[in-house]
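I have placed the structure first, in the form of structure tokens, so that the comments after it can refer back to it.
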Amino acid sequence: MAQQLVPGGGMPDRIADVWGTRTPHDRDTPWPVRVDTHLEEGVAEGDVDRWVRSACVLCSNGCACDIAVRDGRMVGIRGRAGDVVNHGRLGPKGLYGSWQWNGADRLTRPLVREGGRLVETGWDTAMDRIVERSRRLMEEIGPLSHGFYTSGQLFLEEYYALAVIGKAGLGTPHMDGNTRLCTATAAAALKETFGSDGQPGTYTDIDSCDAIFLYGHNMAETQTVLWARVLDRLYGPRPPVVVAVDPRRTRVTEAAGRTGGVHLAPLPGTNQALMNCLVREVIENGWVDREYVAAHTVGFEELAATVAPYTPERAAEICRVPAGDLRRAAEIFGTSDRVLSTVLQGFYQSHQATAASCQVNNLHLLRGQIGRPGGGVMQMNGQPTAQNTRECGADGDLPGFRNWNNPRHIDELARLWNVDPLTIPHWAPPTHAMQIWRYAEQGSIRFLWISATNPAVSLPELPRVRDILRREDLFVVVQDGFRTETSEYADVVLPAALWGEKQGTFTNADRTVHLSEKAVEPPGEARSDLDIFLDYARRMDLRDRDGGPLVPWSSPEEVFRAWQECSRGRPCDYTGLSYEKLRGDSGIHWPCNDQYPDGRDRLYADGIFPTDPDFCEAYGHDLLTGGDVTPERYRAARPDGRAHLKAAEYTPPPETTGEDHPYVLTTGRTVYHFHTRTKTGRSRRLRDAAPGPWAELSPGDAAALGVAEGDLVRIESPRGAVEVPARIGRGRDGVVFVPFHYGYWDTSGAAPDGRPRAANEMTLTEWDPVSKQPVFKVAAVRVTRLHTPGAPRPAAK
Ligand SMILES: Nc1nc2c(c(=O)[nH]1)N[C@H]1C(S)=C(S)[C@@H](COP(=O)(O)OP(=O)(O)OC[C@H]3O[C@@H](n4cnc5c(=O)[nH]c(N)nc54)[C@H](O)[C@@H]3O)O[C@H]1N2
Ligand SMILES: Nc1nc2c(c(=O)[nH]1)N[C@H]1C(S)=C(S)[C@@H](COP(=O)(O)OP(=O)(O)OC[C@H]3O[C@@H](n4cnc5c(=O)[nH]c(N)nc54)[C@H](O)[C@@H]3O)O[C@H]1N2
Ligand code: SF4
Ligand SMILES: [Mo]
């Protein structure tokens, strides 16, 4: 077993060596174990009092770990050797960002707004204010006055409690997660094609694939441990070929070159044209598995007709990639024995997000590459617990992947919760986040409860978001472990216990469920999100139809048991799990039930999909317009267990470049920070590794603009601007990349040096018509050089 002790002294330095030492292996052999450990400076393994079971919550990979506790404090972390997900490994965020914020400037008491300022108070005062406002609005306006904007970072039990409170207690359809910004398209693409959410593939597929396609997914930086798994195949015998679709040069796209694969670098916003071409090529060249398609899919004729005009030459012109590269990529897909695909934000955060992601599913169905070892699709998640937001219905879904448009599914929930079915909002789809913010802007939502997300940095078009949060008629509750850009607008701020300070379960991107135990006490009066939600329900006196308490639970495990009942018989069946079982060697995949007592790692091996009209999660949409497919039309298509091959034309992005704004802006991540940095920004190592924002320009564009490395540049869209140093190198001509991690720590919209720097100052309020996921990856901007560091700055305006 390899050991990577990463001691406090800083060697081996996993900032410099992000993926750690290689442990190469052959195809179809198990990924070797390598245990990564990091302890606080001055702490040796022998000093640790206890190791407490958990899994990392700094991305969707869900690496299993143990938290080191000493004198009641978290002092280190170690990967779990026996876990299916990571085989002991951890990445830089897991090692240096997961617990190092403890002891920092946490929220320890509730805050309420008094005379314009936030002041500390006790829980009773804070909760009374919330309940008083909530009751008044419920009486005067009704449930439509209430909106809940939650997260992909709470625990399953917290989402389920919140979902029941919102849907069966208050009866508001206005509940969604920041998962709308993150994995709404993963869910949508899975529903459209397979009839329900649920990741078909599993990480083990990496160990046996012959080709791996990454679509808009910078896995090397955003799922570092998964990339280490890929690297260990690339360095071993019989490595897979890598194909990467990304406008920038990244470690992933470099691997494509090295393995004899292809790097396709489309102009941002043109994925659908590229995908239509790949699908066309697979069909035209006779690489389709006709038998599989006939037995297990519907919609082939329409798909073939839609993609027919997308010749490599036509796609090359739209996407500005060489036609030969498109042909080569299609050939690799069409002729490899076992292909694994992963899809993420380069596809999801665009205007034809669901359409393009469905084409990835289509390629797999056309080749019968699904549910086989090494042959599968990963419609990735990003956040650690996004899967649970979706399955528990704390987003725009109903619990247990139930269909809002199927009255029998509503009746099931009503029976389970013992409420009138009419209480459960189902006259229209649940409200998506972008619409929730719109209702707040228009004044119909008057009460907005924000938990575990920082929208004043992460939503698009921040000048607008700040205006909404500032509205006098909007009562804002913010529940977080820290003060954030968003909390500064709140009427009430609730101090939440964070990871390591509370117990609960969560599910990663390949459906592996982990139990995270409480390692230490939360600081001051901070409480778990579950306790806060349950306290609200008690104070609101929410009751079922017999007058009993609607949410009678008091511990996470009780909520978990209630959730298991809710999941019974659904695709995400948890009935075979228990906290005790999750205390075994490894996390366990759902479904886990009588049929699959140890969990099912790969779905759809039998070619039977959850598309039956009585069972499916959704009847789907027109991919181009987002128009609903009616239940009648869906039934008439008789999918009955077959998957849908869905098609759509390419359309140009909502904002295109012109004379005023000649560059395309795209945004994303760096390996060293997580989102708005509330945790990683409090870790010295990660902060030092990436202390501030920048704009990445191609060498050609930099030369044309007269910009040298480090020069301060102003990037400006029709909505806002940032002023940040330039980095030269990895973009394609015409494309500027800005990381979205850097906010302000106060509400002014400018950093301490007075310069705006949040990427979302510039992004636009547009979304994919099906998934409603915002378009973070395309905006039109102009670029101006401001000055060279060292040279005197222009006088302040
Ligand atoms: N280090 C780190 N890891 C993380 C996170 C983090 O904040 N930091 N966050 C986690 C979360 S919540 C998420 S959602 C994931 C996101 O993980 P990723 O999706 O891998 O991350 P991004 O950087 O947002 O975008 C991926 C790539 O999309 C490319 N791209 C931009 N526009 C286009 C386009 O039009 N077409 C194509 N094909 N590609 C395009 C960008 O160049 C970028 O390299 O990461 C997770 N892991
Ligand atoms: N321009 C641009 N914008 C983007 C993206 C992009 O690629 N480009 N990506 C989008 C994506 S994919 C995502 S996921 C979002 C992420 O955006 P956010 O969700 O806003 O980002 P985070 O910084 O993770 O915010 C989570 C907050 O929850 C708090 N928190 C953590 N754990 C807990 C807990 O247990 N309880 C409570 N109550 N609070 C907790 C943290 O302190 C933090 O303040 O950003 C989106 N915005
Ligand atoms: S890959 Fe993701 S889950 Fe694993 S250690 Fe890194 S941040 Fe944590
Ligand atoms: Mo995300």
Side-chain angles (χ1 to χ4, degrees), residues 14 18-19 36 55-65 77 79 85-86 89-98 151-153 177-186 214-229 244-253 264-272 274-275 319 321 342-353 356 380-386 453 458 508-509 514 653 664-677 679-680 686 690 696 730-732 735 737 739-741 759 773 775-778:
R14 292 288 300 281
V18 167
W19 306 281
D36 296 349
C56 174
V57 284
L58 292 179
C59 87
S60 60
N61 212 51
C63 296
C65 61
I77 192 163
V85 169
N86 53 326
R89 287 163 192 74
L90 295 170
K93 282 189 280 106
L95 290 166
Y96 303 131
S98 53
S151 184
Q153 299 174 42
N178 65 357
T179 46
R180 188 62 60 182
L181 322 182
C182 180
T183 65
T185 302
L214 297 105
Y215 300 93
H217 184 189
N218 184 12
M219 189 197 282
E221 296 201 58
T222 58
Q223 268 89 20
T224 56
V225 170
L226 208 57
W227 185 245
R229 194 165 188 156
V245 186
D246 193 312
R248 293 188 305 147
R249 197 156 56 91
T250 66
R251 297 303 276 257
V252 173
T253 68
L264 301 171
L267 208 57
T270 64
N271 295 321
Q272 179 64 5
L274 183 146
M275 291 310 298
C319 309
V321 298
T342 74
V343 192
L344 204 47
Q345 300 309 352
F347 268 43
Y348 294 171
Q349 293 171 338
S350 61
H351 69 294
Q352 291 194 290
M380 284 300 295
N381 293 342
Q383 289 179 94
T385 76
T453 181
S458 57
N508 77 348
H514 286 114
V664 181
L665 169 77
T666 194
T667 63
R669 295 163 163 77
T670 163
V671 66
Y672 300 117
H673 282 298
F674 185 64
H675 298 169
T676 73
R677 294 173 305 123
K679 285 181 178 173
T680 53
L686 296 173
E696 197 175 278
R730 306 203 297 175
R732 58 166 290 167
V735 177
F737 172 88
F740 86 100
H741 304 292
Q773 184 159 347
V775 177
F776 287 116
K777 293 291 190 257
V778 189

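Both ligands and their constituent atoms are indexed starting at 1 by order of listing. For the single chain, residues carry numbers from 1 onward in sequence order. In what follows, every heavy atom counts, from backbone to side chain, and hydrogens, waters and symmetry copies are set aside.
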At a non-hydrogen distance cut-off of under 4.0 Å, which region of Cys182 contacts ligand 1 (side chain, backbone, both, or neither)? side chain
What part of Glu221, side chain, backbone, both or neither, has a heavy atom within less than 4.0 angstrom of ligand 1?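 The answer is the backbone of Glu221.
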For residues Phe737 and Thr667, report the shortest heavy-atom separation together with the two atoms involved.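 In this case the closest contact between Phe737 and Thr667 is CE1-C, 3.5 Å.
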For Val252 and Ala244, the nearest pair of non-hydrogen atoms, with its separation, is CG1-CB, 3.8 Å
Quick one: CD on Gln352 to CD on Gln272, what's the gap to the nearest 0.5 Å? 5.0 Å
Within this structure, what is the OG1-CH2 distance for the pair Thr342 and Trp227, rounded to the nearest 0.5 Å?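 Rounded to the nearest 0.5 Å, the OG1-CH2 separation comes to 9.0 Å.
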Under 3.5 Å, N or O to N or O, is [X] touching ligand 1 that way?
{"X": "Gln223", "result": "no"}
{"X": "His675", "result": "yes"}
{"X": "His217", "result": "no"}
{"X": "Lys777", "result": "yes"}
{"X": "Tyr672", "result": "no"}

Which residue holds the protein heavy atom closest to [atom], what is that atom called, and what is the gap in Å?
{"atom": "atom 32 (N) of ligand 1", "result": "Thr666 OG1, 3.1 Å"}
{"atom": "atom 16 (C) of ligand 1", "result": "Leu344 CD2, 3.4 Å"}
{"atom": "atom 19 (O) of ligand 1", "result": "Gln345 N, 2.9 Å"}
{"atom": "atom 28 (O) of ligand 1", "result": "Gly346 CA, 3.4 Å"}
{"atom": "atom 2 (C) of ligand 1", "result": "Lys93 CE, 3.1 Å"}
{"atom": "atom 10 (C) of ligand 1", "result": "Gly382 O, 3.5 Å"}
{"atom": "atom 4 (C) of ligand 1", "result": "Thr222 O, 3.6 Å"}

Side chains of [X] and [Y], heavy atoms from C-beta outward: is any pair under 4.5 Å?
{"X": "His217", "Y": "Val343", "value": "no"}
{"X": "Tyr348", "Y": "Lys777", "value": "no"}
{"X": "Val775", "Y": "Pro653", "value": "no"}
{"X": "Pro92", "Y": "Thr224", "value": "yes"}
{"X": "Phe740", "Y": "His675", "value": "yes"}
{"X": "Ile77", "Y": "Leu90", "value": "yes"}
{"X": "Pro384", "Y": "Phe674", "value": "yes"}

Any idea which atoms of ligand 1 are less than 4.0 Å away from a heavy-atom of [X]?
{"X": "Pro268", "value": "34 (C), 35 (O)"}
{"X": "Gly269", "value": "35 (O)"}
{"X": "Arg248", "value": "41 (C), 42 (O), 43 (C), 44 (O)"}
{"X": "Val671", "value": "1 (N)"}

Is it the case that the side chain of Asp36 and the backbone of Gly91 share a donor-acceptor pair, with hydrogens and angles ignored and the cut-off at 3.5 Å?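 Not at all, since once roles are kept as given, no pair shorter than 3.5 Å links the two residues.
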Looking at Arg14, is its backbone amide N or carbonyl O close enough to the side chain of Tyr96 to form a donor-acceptor pair, meaning the two atoms are under 3.5 Å apart? yes
Mind checking salt bridge (charged side-chain N to carboxylate O under 4.0 Å, His left out) for Glu696 and listing every partner two or more places apart, or none if nothing turns up? Arg248, Arg730
Minimum distance, heavy atoms only, to [atom]: which one of [options] is it?
{"atom": "atom 23 (O) of ligand 1", "options": "Arg732, His673, Arg669", "answer": "Arg669"}
{"atom": "atom 38 (N) of ligand 1", "options": "Leu665, Leu181, Val664, Asn271", "answer": "Asn271"}
{"atom": "atom 27 (C) of ligand 1", "options": "Thr670, Leu264, Asp246", "answer": "Asp246"}
{"atom": "atom 30 (N) of ligand 1", "options": "Pro247, Ala186, Gly216", "answer": "Pro247"}

Side chains of Ser60 and Gln223: any donor to acceptor distance under 3.5 Å?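 Ser60 and Gln223 do have a side-chain donor-acceptor pair below 3.5 Å.
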Say whether Asn218 and Gln345, considering side chains only, have a donor N or O and an acceptor N or O under 3.5 Å apart.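 No, no side-chain donor-acceptor pair sits under 3.5 Å.
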Is there a heavy atom of Phe347 sitting under 4.0 angstrom from any atom of ligand 1?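 Right, Phe347 reaches ligand 1.
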Sub-4.0 Å heavy-atom contact, His741 with ligand 1: yes
For the CZ atom on Arg251, are there more than 12 heavy atoms of other groups (residues, nucleotides or ligands in this structure) within a distance under 6.0 Å? no
Cut-off under 2.8 Å, centre atom 8 (Fe) of ligand 3, protein N/O/S atoms: Cys56 SG
Worked verdict on Thr385 versus Gln153 for side-chain hydrogen bond (donor to acceptor under 3.5 Å, both in side chains): CA-CA 5 Å; Thr385 76; Gln153 299 174 42; over 6 Å; no
